[in-house]
K.L.:
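Sharing a structure, written as structure tokens. Questions coming.
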Amino acid sequence: MSDYNQDAITRDVLAAFANTPDARLRELMTALVKHLHAFAREVDLTPEEWLAGLKFLDATGRISTDKRPEFILLSDTLGLSMMVVALAQARASGAAHGATPPTEATVEGPFYWAGAPDLPLGSDIGEGVPGEPTLYMGRVTDIDGAPLAGALLDVWSGDGDGFYDVQLSAEPSMKARGRFRTDAQGRYWFWSIRPNFYPVPHDGPVGDMLRATARSIYRPGHIHMQISAPGHVMLTTHLFVAGSPYLNEDAVFGKRDSLVVDFEQHPPGKAPDGREMRTPYHSTSYDFRLAPRGTP
């Protein structure tokens with residue numbers, strides 16, 4: 001490098017990546033350099049601001065663990081996770097045509113934990129978890145409404161106090177998590193709790209960023225679902241509690257109107273699945289529509 005004006009710096013860095021063997025990696029690195037350099041020029045980035053940004057990223061890495069992935073939280077709160085979700089769903093199912101569009105996807109979030117137990121339909125994953133008991137039920141279908149038998153629902157949520165199991169101890173046990181398979185008519189039903197709104201983890205650098213920018217640290221009440229069936233695009237989504245605080249200021253931009261559902265309150269008595277309830281409970285119903293795999 002002999003000419004260190006701004007354009008020459010960008011030109012020389014791009015030239016350094018020009019021989020990257022993998023074409024997609026070359027495309028990604030080229031675009032990354034262009035946008036990073038353009039950002040620095042646009043805001044006239046100072047050395048102090050540059051160093052503060054590096055320290056922020058370093059702190060994000062230092063606080064991260066397998067149960068506390070701060071970088072995922074950072075991506076979520078910047079809206080990048082939802083952008084990737086939207087791009088992926090458009091790519092996988094944008095050309096699918098049916099009676100109705102596929103159910104909208106949303107962020108996985110930082111608290112997914114692989115290996116939840118496989119349970120029979122009607123099981124209660126809310127046992128021993130603070131919160132109001134709730135019966136979840138509905139169907140899994142294709143976009144034409146045909147039932148998908150044996151579809152897998154991997155379910156997880158926080159408790160009624162707004163905490164996930166992984167937040168409650170250094171060696172957590174699985175709570176409010178389970179996997180269910182639909183019956184021959186594509187139906188599912190299980191018990192859990194009515195999820196409450198909660199703050200995202202805010203004792204680290206992401207929390208500092210949210211406070212410094214006067215952002216909400218809260219997510220509205222929701223339950224997570226990851227739904228898959230052979231020949232169909234896997235769906236990662238939520239069901240949001242209608243009327244929950246923070247529905248319109250979700251800290252991770254994951255709320256979608258089509259995923260907001262009513263939770264009907266019932267007195268003690270026989271629930272729709274035949275269970276005798278000695279306490280008041282809620283129920284909610286939602287049908288999930290999966291797009292066929294292989295569409296452009």
Side-chain angles (χ1 to χ4, degrees), residues 100 103-104 106-107 109 111 116-117 119-141 151 153-165 167-168 174-183 185-200 216-227 235-252 254-289:
T100 53
T103 299
E104 288 190 278
T106 188
V107 294
F111 296 127
L119 299 170
L121 291 170
S123 297
D124 187 355
I125 61 174
E127 290 183 354
V129 174
E132 301 168 350
T134 298
L135 173 62
Y136 294 84
M137 51 191 170
R139 295 195 310 153
V140 179
T141 74
L153 291 85
D154 195 340
V155 180
W156 71 101
S157 79
D159 62 26
D161 295 330
F163 294 102
Y164 287 79
D165 46 13
Q167 297 176 285
L168 296 176
M174 283 195 173
K175 295 181 183 296
R177 298 177 188 266
R179 303 194 336 156
F180 304 91
R181 289 195 178 274
T182 57
D183 69 7
Q185 287 75 50
R187 298 175 301 181
Y188 71 88
W189 65 95
F190 65 89
W191 288 84
S192 187
I193 56 93
R194 181 178 182 268
N196 201 3
F197 68 93
Y198 63 85
V200 299
S216 170
I217 62 171
Y218 289 95
R219 297 214 65 202
H222 61 276
I223 187 169
H224 297 257
M225 309 270 190
Q226 191 175 88
I227 306 161
L235 172 69
T236 299
T237 193
H238 300 359
L239 295 181
F240 292 90
V241 180
S244 174
Y246 307 105
L247 269 177
N248 295 320
E249 47 185 309
D250 185 356
V252 307
K255 174 254 186 178
R256 292 293 177 266
D257 289 343
S258 67
L259 303 176
V260 178
V261 296
D262 291 320
F263 280 62
E264 184 178 357
Q265 190 166 16
H266 306 275
K270 182 174 288 189
D273 69 340
R275 182 180 180 181
E276 288 289 344
M277 296 298 296
R278 298 180 179 178
T279 62
Y281 68 97
H282 299 268
S283 68
T284 190
S285 179
Y286 194 88
D287 293 344
F288 297 97
R289 302 175 304 276

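All residue numbers refer to positions in the sequence shown, counting from 1.
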K.L.:
Tell me every residue that passes salt bridge (Lys or Arg N to Asp or Glu O under 4.0 Å) with Arg187, counting only those two or more places apart in sequence or in another chain.
P.N.:
Asp183
K.L.:
Between atom CH2 of Trp156 and atom CD1 of Ile223, what is the distance when rounded to the nearest 0.5 Å?
P.N.:
10.0 Å
K.L.:
Under 4.5 Å between any side-chain heavy atoms of Tyr164 and His224, yes or no?
P.N.:
yes
K.L.:
To check you understand the geometry: which heavy-atom pair defines the closest contact between Leu247 and Lys255, and what is its length?
P.N.:
O-CD, 3.2 Å
K.L.:
May I ask you to test the Val155-Tyr136 pair for a side-chain heavy-atom distance under 4.5 Å?
P.N.:
no
K.L.:
Could I get the full list of salt bridge (Lys or Arg N to Asp or Glu O under 4.0 Å) partners for Asp154, not counting sequence neighbours?
P.N.:
none
K.L.:
Does the separation of the ring centres of Tyr188 and Phe180 fall below 6.0 angstrom?
P.N.:
no
K.L.:
Judged by atom type as modelled, is there a donor-acceptor pair below 3.5 Å linking the side chain of Asp287 to the main-chain atoms of Arg139?
P.N.:
yes
K.L.:
Considering only NZ, NE, NH1 and NH2 on the basic side and carboxylate oxygens on the acidic side, decide whether Asp159 and Lys175 come within less than 4.0 Å.
P.N.:
no
K.L.:
To the nearest 0.5 Å, how far apart are CD1 in Ile193 and CG in Asp161?
P.N.:
9.0 Å
K.L.:
So, for Met174 and Asp165, which heavy atoms are closest and what is the spacing to 0.1 Å?
P.N.:
CA-OD2, 3.4 Å
K.L.:
Testing the basics here: between Pro267 and Tyr281, what is the closest heavy-atom pair and its distance to 0.1 Å?
P.N.:
O-CE2, 3.5 Å
K.L.:
I need the Glu132 CD to His282 NE2 distance, nearest 0.5 Å.
P.N.:
3.5 Å
K.L.:
Between Leu135 and His266, is any pair of side-chain heavy atoms under 4.5 Å apart?
P.N.:
no
K.L.:
Measure the CZ-OG distance between Arg194 and Ser283 for me, rounded to the nearest 0.5 Å.
P.N.:
11.5 Å
K.L.:
Using 0.5 Å steps for rounding, measure from the CZ atom of Phe240 to the CZ atom of Arg256.
P.N.:
8.0 Å
K.L.:
Minimum heavy-atom separation for Pro120 and Ser123, please, with both atom names.
P.N.:
O-OG, 2.7 Å
K.L.:
Might you confirm whether atom CG of Asp273 has over 12 heavy atoms from other residues, nucleotides or ligands at distances under 6.0 Å?
P.N.:
yes
K.L.:
Against Val140, only a single residue in Thr103, Leu235, Ile227 fulfils side chain to side chain contact (heavy atoms under 4.5 Å, CB included); can you say which?
P.N.:
Ile227
K.L.:
If you take all heavy atoms of Leu259 and His238, which pair is closest and at what distance?
P.N.:
CB-O, 3.5 Å
K.L.:
Side-chain contact test, heavy atoms from C-beta onward, threshold under 4.5 Å: evaluate it for Phe263 versus Pro195 and give yes or no.
P.N.:
yes
K.L.:
State which residues pass salt bridge (Lys or Arg N to Asp or Glu O under 4.0 Å) with Arg179; sequence neighbours excluded, sorted by chain then number.
P.N.:
Asp118
K.L.:
Could you tell me which non-hydrogen atom of Met277 sits nearest to which non-hydrogen atom of Trp191, and how far apart they are?
P.N.:
SD-CH2, 3.7 Å
K.L.:
Is there a side-chain contact between Pro268 and Pro280, using heavy atoms and a 4.5 Å cut-off?
P.N.:
yes
K.L.:
Quick check: do Phe111 and Gln167 have side-chain heavy atoms less than 4.5 Å from each other?
P.N.:
yes
K.L.:
Between Tyr198 and His222, is the gap from one ring center to the other below 6.0 Å?
P.N.:
yes
K.L.:
Sub-3.5 Å donor-acceptor pair from the side chain of Thr141 to the main-chain atoms of Arg289, do we have one?
P.N.:
no
K.L.:
Side-chain contact, heavy-atom cut-off 4.5 Å: Thr237 with Thr106?
P.N.:
yes
K.L.:
Are Arg219 and Val200 packed together at the side-chain level, in the sense that at least one heavy-atom pair is separated by less than 4.5 angstrom?
P.N.:
yes
